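So the structure is just underneath, and the comments pick up after that.
What you see is a predicted model, and the numbers here were worked out from it, not measured in a lab.
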Amino acid sequence: QVQLVESGGGLVQPGGSLRLSCAASTTIFSTYHMGWYRQAPGKQRELVAFINSGFSTNYADSVKGRFTISRDNAKNTVYLQMNSLKPEDTAVYYCNAYSSQNYWGQGTQVTVSS
């Protein structure tokens with residue numbers, strides 16, 4: 001069983017930045033593929049960014065050039081740097097870890113509003 005704990009969400013003005021962190025309770029973090037998803041009210045959960053165990057990344061078109069996913073295997077942590085935030089980025093952001101099983105964090109709220 002892997003536990004994922006997200007942090008770093010909050011309220012930010014349009015154009016601002018936030019960095020989300022997700023700490024994983026596993027000694028084999030480096031073998032997991034990691035992703036950030038988000039779910040806005042009334043919408044389905046969607047993939048925002050993904051980084052695999054080999055450090056290859058992929059992004060949703062809506063966040064390309066603004067968000068950056070990274071991982072620190074020594075700290076068992078994955079990050080999502082979010083710049084130039086827009087009101088439409090408002091959502092609950094979830095961390096996901098996948099190897100042979102799928103694990104989810106509890107989510108962290110990001111609100112972009114003036």
For the backbone of [Y] and the side chain of [X], can you confirm whether one donor and one acceptor N or O come within less than 3.5 Å of each other?
{"X": "Ser30", "Y": "Ile28", "result": "no"}
{"X": "Thr90", "Y": "Val112", "result": "yes"}
{"X": "Arg71", "Y": "Phe29", "result": "yes"}
{"X": "Arg38", "Y": "Val92", "result": "no"}
{"X": "Ser114", "Y": "Gln13", "result": "no"}

Cluster overlap [X] with [Y], hydrophobic side-chain contacts below 4.5 Å:
{"X": "Tyr79", "Y": "Leu18", "answer": "no"}
{"X": "Leu85", "Y": "Tyr59", "answer": "yes"}
{"X": "Tyr98", "Y": "Tyr93", "answer": "no"}
{"X": "Ile51", "Y": "Tyr32", "answer": "yes"}
{"X": "Val12", "Y": "Leu80", "answer": "yes"}

Please round to the nearest 0.5 Å and tell me the distance separating atom [atom1] of [X] and atom [atom2] of [Y].
{"X": "Thr68", "Y": "Met82", "atom1": "OG1", "atom2": "CE", "value": "11.0 Å"}
{"X": "Met34", "Y": "Asn76", "atom1": "CE", "atom2": "CG", "value": "9.5 Å"}
{"X": "Cys95", "Y": "Leu20", "atom1": "SG", "atom2": "CG", "value": "9.5 Å"}
{"X": "Asp89", "Y": "Ser62", "atom1": "CG", "atom2": "OG", "value": "7.0 Å"}

Looking at every non-hydrogen atom in both residues, tell me the closest pair between [X] and [Y] and how far apart they are.
{"X": "Ala60", "Y": "Leu47", "result": "CB-O, 3.4 Å"}
{"X": "Ser17", "Y": "Asn83", "result": "OG-OD1, 2.9 Å"}
{"X": "Ser99", "Y": "Thr31", "result": "OG-O, 4.4 Å"}
{"X": "Gly35", "Y": "Ile69", "result": "CA-CD1, 4.5 Å"}
{"X": "Tyr37", "Y": "Arg45", "result": "CB-CG, 3.8 Å"}

Inset, instruction - Give a yes or no on this: more than 12 heavy atoms of other residues, nucleotides or ligands lie within 6.0 Å of atom CD of Gln106. - result: yes
Inset, instruction - Count the heavy atoms of every other residue, nucleotide or ligand shown that sit under 6.0 Å from CD of Glu88, and state whether that count exceeds 12. - result: yes
Legend entry - Check: Pro14 and Pro87 side chains under 4.5 Å, non-hydrogen atoms: yes
Inset, instruction - Would you confirm whether the ring centroid of Phe67 sits within less than 6.0 angstrom of the ring centroid of Trp36? - result: no
Legend entry - Whether Phe50 and His33 hold their rings parallel, tilted or perpendicular, with breakpoints at 30° and 60°: tilted
Inset, instruction - Test Asp61 against Lys64 for salt bridge (charged side-chain N to carboxylate O under 4.0 Å, His left out), laying out the working first. - result: CA-CA 5 Å; Asp61 287 343; Lys64 281 181 181 176; 3.1 Å; yes
